[in-house]
Number of protein chains: 2
Amino acid sequence: MTTGTLVPVFAALGDETRWSILAALGEGDASASALAGRLPVTRQAIAKHLAVLQEVGLVEPVRVGREVRYRVVGAELSATARRLEAIGAEWDRRLAAIKEIAEGL
Amino acid sequence: MTTGTLVPVFAALGDETRWSILAALGEGDASASALAGRLPVTRQAIAKHLAVLQEVGLVEPVRVGREVRYRVVGAELSATARRLEAIGAEWDRRLAAIKEIAEGL
DNA sequence: AGCAAGTGCAATCATGAGGTTGCAGTAAAC
DNA sequence: GTTTACTGCAACCTCATGATTGCACTTGCT
């Protein structure tokens with residue numbers, strides 16, 4: 001069971017503000033400035049969060065004229081979910097094995 | 001799409017040391033002291049991590065004599081994976097809808 | 001060309017998190 | 001009943017991070 005680059009993704013998802021950003025982007029692609037209008041944080045704070053999200057592939061930038069809009073990469077969320085699922089299944093398997101031993105089978 | 005208590009779980013999973021602990025616990029239940037023998041961190045550091053993991057339900061304590069062993073709760077990992085999967089699917093759905101509009105259907 | 005809107009970079013600040021050391025408490029073991 | 005091992009609490013340190021302000025730079029728009 002190799003966690004690979006999985007941990008940074010979880011770290012990125014472990015922040016409420018970033019989820020707010022992701023949720024806002026769910027309404028449609030938006031720039032850092034646009035997001036700053038909706039969320040109670042500065043544009044620069046949002047820019048940093050977007051950088052983090054981009055770093056782990058959860059979001060990607062799209063230049064539109066002079067602004068840079070960001071789009072959620074749903075595939076990365078799904079991929080992360082699948083990897084986590086695999087790890088969870090692995091533990092379930094182990095626990096089942098232990099349980100069988102405990103029950104004297 | 002309500003994230004609920006999901007974010008703290010991701011925050012907990014966003015640390016390499018905690019994954020080391022989870023991996024070590026995968027070999028069998030163990031106490032903080034026992035884990036301190038295998039990992040390059042202090043027992044107290046491990047105790048804190050275990051507290052965090054317990055807080056979000058990823059691990060649970062089991063008293064055995066005078067020691068407190070910890071066990072991985074595989075179900076919580078699976079549940080988290082499922083919730084994340086649902087969120088990822090939601091985004092996939094939205095992206096698909098947008099794509100259809102873009103293609104003029 | 002000039003203005004406005006948007007982005008990018010840098011310095012700064014505060015708080016929280018990961019980690020350590022030290023000591024007190026507690027419960028088995030002998 | 002001591003000793004011995006393990007847990008628990010508290011203080012402390014350091015560094016990363018979330019957030020801010022301020023300014024320079026680019027890029028459309030008119």
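The analysis underlying the following values was restricted to heavy atoms, covering all of them including side chains, and did not include hydrogens, waters or symmetry mates. In what follows, chains are A, B, ... by sequence order, proteins preceding strands, each numbered from 1.
Side-chain N or O atoms of A/Thr42 include none that pairs as donor or acceptor with a backbone N or O of A/Ala45 at under 3.5 Å.
Residues of residues 43-68 of chain B having a heavy atom closer than 4.0 Å to DNA chain C, listed by number: B/Gln44, B/Ala45, B/Lys48, B/His49, B/Gly65, B/Arg66.
Listed candidates were C/dG19, D/dT21, D/dT7. Nearest to the side chain of B/Val41 is C/dG19. Of the candidates D/dC6, C/dT7, D/dT21, D/dC6 carries the atom nearest the B/Ser33 side chain, counting heavy atoms from C-beta on.
Between B/Thr17 and C/dG19 there is a side-chain polar atom (N or O) within less than 4.0 angstrom of OP1 or OP2. In this structure, B/Ser31 reaches the D/dT7 phosphate: one of its side-chain N or O atoms is under 4.0 Å from OP1 or OP2.
For the pair B/Tyr70 OH and D/dG8 P, the computed distance is 6 Å after rounding to whole Å. Rounding to whole angstrom units, CG of residue A/Leu13 and C1' of D/dT17 are separated by 16 Å. In this structure, CZ of B/Arg69 is placed 18 Å from P of C/dA27, rounded to the nearest angstrom.
Going from atom CD1 of B/Ile21 over to atom CG of B/Asp15 covers 8.0 Å, rounded to the nearest 0.5 Å.
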Task: Residue pair B/Arg93, B/Glu90: steps toward the salt bridge (Lys or Arg N to Asp or Glu O under 4.0 Å) verdict - done: CA-CA 5 Å; B/Arg93 196 189 58 71; B/Glu90 172 67 12; 3.1 Å; yes
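Sorted by first then second residue, the salt bridge (charged side-chain N to carboxylate O under 4.0 Å, His left out) pairs that include residues 34-60 of chain A, not counting sequence neighbours, are A/Glu60-A/Arg71.
Residues satisfying the salt bridge (Lys or Arg N to Asp or Glu O under 4.0 Å) test with A/Glu76, not counting sequence neighbours, are A/Arg83.
Classification of the A/Phe10-B/Trp19 ring pair by plane angle, with boundaries at 30° and 60°, yields parallel.
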